[in-house]
Amino acid sequence: MNSTIKKDFFLKPALQLAKELLGCILVHRTDELELSGMIVETEAYMGPDDRAAHSFQNRRTKRTEIMFHEPGFIYTYQMHTHTLINVVCGEIGIPNAILIRALEPVDGIEKMIEFRKNQPISNLTNGPGKLTKALNITMESYGKPIWLPPVYIKEGIKPEHISSGPRIGIENTGEARDYPWRFWITENKFVSR
DNA sequence: ATCATGATAGCCT
DNA sequence: GGCTATCATGATT
């Protein structure tokens, strides 16, 4: 009874999904190994009206295309030297997504340490670029469903308290900079900052 | 605090 | 085909 999440879990408003993903487990399972961590930090990106979103003003390109499709698919993109992973949400045609910003390591920690060049556990998955490296998630995941292996989300725990605040790394986006659309599990030590 | 890194997109000519 | 910016990170001052 693996508590895999069903597809329609993702069909809900972005801000609600961003909070409900906290405490869920992100898994990368292959034949050889299973790497996983509990989601402890997320950010919502609200398509048409959010200057910080790649899909601002419904910008529809090869990169953002997946966000215009069904919720529950993976939107990955490359940022300098790192891959970042998002979950598409919103109804079809509404290009919203949730960025997964930090995990608390669960399974395969030894392997994660390897992928992360012998960093201490406290520094394995506490950032969006770090967690993809630790779980060996690449651009290959773009457009794949996030309710089925190899990269999928399953049920975890319900956090006691959730905090929210402005998002990170979007200093140059006008008023969108101040929207409190970043969520994290209060007091969790794997939050990115 | 700033800087180098260096994949890819998006936009311009 | 060139130019510029980017939802970061690690190293360095």
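For the pair A:Arg51 and A:Tyr179, the cation-pi criterion (under 6.0 Å, within 45° of the ring axis) is not fulfilled.
Atom CZ of A:Arg60 and atom P of B:dG10 are 13 Å apart (whole Å). Atom NE2 of A:His54 and atom C1' of B:dG10 are 11 Å apart (whole Å). Atom C1' of nucleotide C:dG10 and atom CZ of A:Arg193 are separated by 13 Å, given to the nearest angstrom. Across the protein-nucleic acid pair, A:Lys62 atom NZ and B:dT8 atom C1' stand 9 Å apart, rounded to whole Å. Atom CZ in A:Arg59 sits about 13 Å away from atom C1' in B:dT8, given to the nearest Å. Atom NZ in A:Lys133 sits about 17 Å away from atom P in B:dT5, given to the nearest Å. Atom CD1 of A:Ile66 and atom P of B:dA9 are 14 Å apart (whole Å). In this structure, A:Arg116 places its CZ atom 11 Å from C1' of C:dA8, rounding to the nearest Å.
Looking only at distances, a side-chain donor or acceptor of A:Thr64 sits under 3.5 Å from a matching main-chain atom of A:Arg59. Judged purely by atom type and a 3.5 angstrom limit, A:Ser192 has no side-chain atom pairing as donor or acceptor with the backbone of A:Arg101. Distance alone, capped at 3.5 Å, places no donor-acceptor pair between the A:Asn126 side chain and the A:Ala102 backbone.
Nearest nucleotide to the A:Pro128 side chain, out of C:dG10, C:dT9, C:dC7: C:dT9.
A:Glu65 and A:Lys62 are not joined by a salt bridge, as no carboxylate oxygen comes within less than 4.0 angstrom of a charged side-chain nitrogen.
Contact annotation for A:Arg63: backbone-only contact, meaning every heavy-atom pair under 4.0 Å involves sugar-phosphate atoms and none involves a base. Nucleic acid contact for A:Arg182: none, since no nucleic acid atom lies under 4.0 Å from a heavy atom of the residue.
Taking atom P in both C:dA5 and B:dC3, the straight-line distance is 16 Å, to the nearest Å.
Using a 4.0 Å cutoff on non-hydrogen atoms, the parts of residues 73-98 of chain A near DNA chain B are A:Gln78, A:His80, A:Thr81, ordered by number.
A side chain to side chain contact (heavy atoms under 4.5 Å, CB included) with A:Lys130 is found for one member of A:Asn123, A:Leu124, A:Thr125 and no other, namely A:Asn123. None of A:Tyr152, A:Trp147, A:Phe68 except one satisfies the ring-ring contact (aromatic ring centres under 6.0 Å, His included) rule with A:Phe73; the exception is A:Trp147.
Nearest-nucleotide mapping onto DNA chain C: of A:Ile170 and A:Lys130, the residue sitting toward the 5' end is A:Ile170.
The partner of B:dG6 cannot be assigned: no Watson-Crick or G-U wobble pair with both contacts below 3.5 Å exists in any strand.
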